[in-house]
There are 2 protein chains.
Amino acid sequence: MKRPTIADVARRAGVSKGAVSYALNGQPGVSEATRRRILAIAAEIGFSPSSAARALSGATAKAVGLALCRPARILGIEPFFMELISGVEGELAARSYALTLQVVADQDAEIAVYRRWWGERRVDGVFICDLRLDDRRIPVLEELQLPAVVIGGPGHTGSLPSVWSDDAAALVETVEYLVALGHRRVARVGGLPGLLHTEIRTRAFAEVCDRLGLPEATTVPSDYTGEEGARATRRLLSSAQRPTAVIYDNDVMAIAGLSVAQEMGLAVPGDLSIVAWDDSPLCQLVHPPLTALGRDIPAYGAHAARHLLAAITGEQISAFQDETAHLTPRGSTAPPRVR
Amino acid sequence: MKRPTIADVARRAGVSKGAVSYALNGQPGVSEATRRRILAIAAEIGFSPSSAARALSGATAKAVGLALCRPARILGIEPFFMELISGVEGELAARSYALTLQVVADQDAEIAVYRRWWGERRVDGVFICDLRLDDRRIPVLEELQLPAVVIGGPGHTGSLPSVWSDDAAALVETVEYLVALGHRRVARVGGLPGLLHTEIRTRAFAEVCDRLGLPEATTVPSDYTGEEGARATRRLLSSAQRPTAVIYDNDVMAIAGLSVAQEMGLAVPGDLSIVAWDDSPLCQLVHPPLTALGRDIPAYGAHAARHLLAAITGEQISAFQDETAHLTPRGSTAPPRVR
DNA sequence: CTGAAAGCGCTTACAG
DNA sequence: CTGAAAGCGCTTACAG
């Protein structure tokens, strides 16, 4: 089947190709009646302008890029990215933008992808995830002047705009809640060290514990997998002064921690309270259901997409603060049992 | 920063644009020495050919499309798609193909996306997931002659090639295993009705139960969510002749079923054995760990990608049978406790 | 082996 | 308001 071109539409409408282009793009230069007729014909013969031709003649590629740098098993098990993508897509689809996805092995590969996309003019802009301290991607994107929105922060984004959520505040709220329940020995199983949001949470945890006069604010670093979450939990629960509450940096580790507690004969929440960051449906599937820090991730993605599209059209945008995660208490937290 | 074009490379190399094109694409027409020099210069100034220009001049778009038709919360919670995408990406990246992802609301929207992609020449081919009986997407893709690979089957793919796994065989193996353990009342919580693989499993379940002389092979339809899995489980466990073993069509429903059993005071596996289809890391996070039917999903995606790329280059390909899921027995299955 | 040129399908000033 | 034409950056026959 032959793809219809703008010339086919022009011929059938009895106008020039230029007129068709104006009509399609909502530009002045054609009468309203002609525009209607052209649009009707285009729809009738199933015409969509060639994205290549459009991109080549100076218009935009109508595509944005997302490079993800996580191994397959972590990517699969964390609902975060798919929920984010769903939200991004909603916003993009409304403007007929495509999302180009690439899974990369490391930061060098990711930077190479950005350079290639830029050279190929394949995307009009990109999202940056998993921001790091001194992130090497930032200066590259600044140099290329490729529109970009950082999903994360605050700060450490160079001159790039960002969409972020106040993790420090959410963590403080959580610790204060646990302390209000009567907990004094609170520990944390953290995400990958080096990621900005991990560091922000770690610092906030240390500060709030210090402020509230809690003994030692232990953060055990981990990598978001269930295995590591389980191992970290065993270590914490085997110590002489074991914690009565643990905060996990994602839901999968929290579920693994719950299993470990049960396997070690500790009652949840009687002997151990558990809080999960990222409130996915998984948290409500286990027994007891997990108290969790949640927020609307698809909406977060939608905001990021909206800002990226604005940046592409040349609007001057800066940092946007998304909602702060809120705590939903469920069965996994309670006052510590007196021993 | 200005993007380098083929003309920049040609100028610096002192050759024509045509020569640069030949050198870049490994075509004859330039000497080996010249080719090397051109490639070195291209690398030096960071030149990547414009994908738009390339696509416009008759070459391929160097992109394939994947449209996903599931709501955000299901998309997020099922590791399947992200694992599939990871595998697809590995194969695509090796050939510098991009993956264009689109989340759609329903089949009509999905079909519209295919027509648009085709008209825009945005992709060279597409993957089709979640095959249905009498799938309306098949004739559209045949009509458009857009290269496509169906991820699913066997059969019901019209003239399109497919990559599939023998779900019927896996289900039979599972039921036979449960019967060998001594189970007689086996039930199943199925996936979305209408999806081909759901129907294949349902039919295989009915047949094997009949062959082995088991009483009534009940399949309760569901939708892959934990809530529905829990509800279906409550219904099954509340019946007079409750099953002693349940097979779930995904891991999330199985985990929900485990919670329901515990909430109803039934021991797993003593009173109830549980088998999950899709052996994600989640299955090992719960207590007891779930016996599961698993296979290598990233590899499945890689095979699909390899076949799609072959179809795009015009190779004649047909159906490819991937490995059959195999059962990994864990703590959630055992002989039924005598009552 | 190399160079000059046409053409892919659009967009967008520029005349009418 | 409309038409003719240049140009985006490649690929690929066609001459030399």
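Note on naming: letters A, B, ... go to the chains in the order of the sequence lines (proteins, then strands), and numbering restarts at 1 for each one.
- The distance from the CG atom of B:Leu195 to the CZ atom of B:Arg132 is 5.0 Å, given to the nearest 0.5 Å.
- Taking 4.0 angstrom as the limit, B:Thr34 places none of its side-chain polar atoms (N or O) nearer than this to OP1 or OP2 of C:dC1.
- Here A:Ser16 lies in heavy-atom contact (under 4.0 Å) with a base.
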- Reading 5' to 3' through nucleotides 7-12 of chain C, protein heavy-atom contacts under 4.0 Å coded B for base, S for sugar-phosphate only, - for none: BBBBBB
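- Taking the side chain to side chain donor-acceptor pair (under 3.5 Å) definition, one finds that A:Ser159 meets it with A:Glu142, sequence neighbours left out.
- Residue A:Glu89 is tested with B:Leu75, B:Val103, B:Leu68 for a side-chain contact (heavy atoms from CB on, under 4.5 Å); the sole match is B:Val103.
- Other residues, nucleotides and ligands place more than 12 heavy atoms under 6.0 Å from the CG atom of B:Asp108.
- Screening residues 305-318 of chain B for side chain to side chain donor-acceptor pair (under 3.5 Å), with sequence neighbours left out, gives B:Glu91-B:Arg306.
- For residues 47-71 of chain A, the salt bridge (charged side-chain N to carboxylate O under 4.0 Å, His left out) pairs, not counting sequence neighbours, are A:Arg70-A:Glu78, A:Arg70-A:Asp130.
- For the ring-ring contact (aromatic ring centres under 6.0 Å, His included) test, residues two or more places apart in sequence or in another chain that qualify with B:His303 are B:Phe320.
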- Task: Report the secondary structure of DNA chain C in dot-bracket form, marking unpaired bases with a dot and bases paired to a different strand with |, and treating Watson-Crick or G-U pairs with both distances under 3.5 Å as paired.
- Result: |||.||||||||.|||
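- Annotation: A:Asp106, atom CG; neighbour count of heavy atoms from other residues, nucleotides and ligands within 6.0 Å is above 12.
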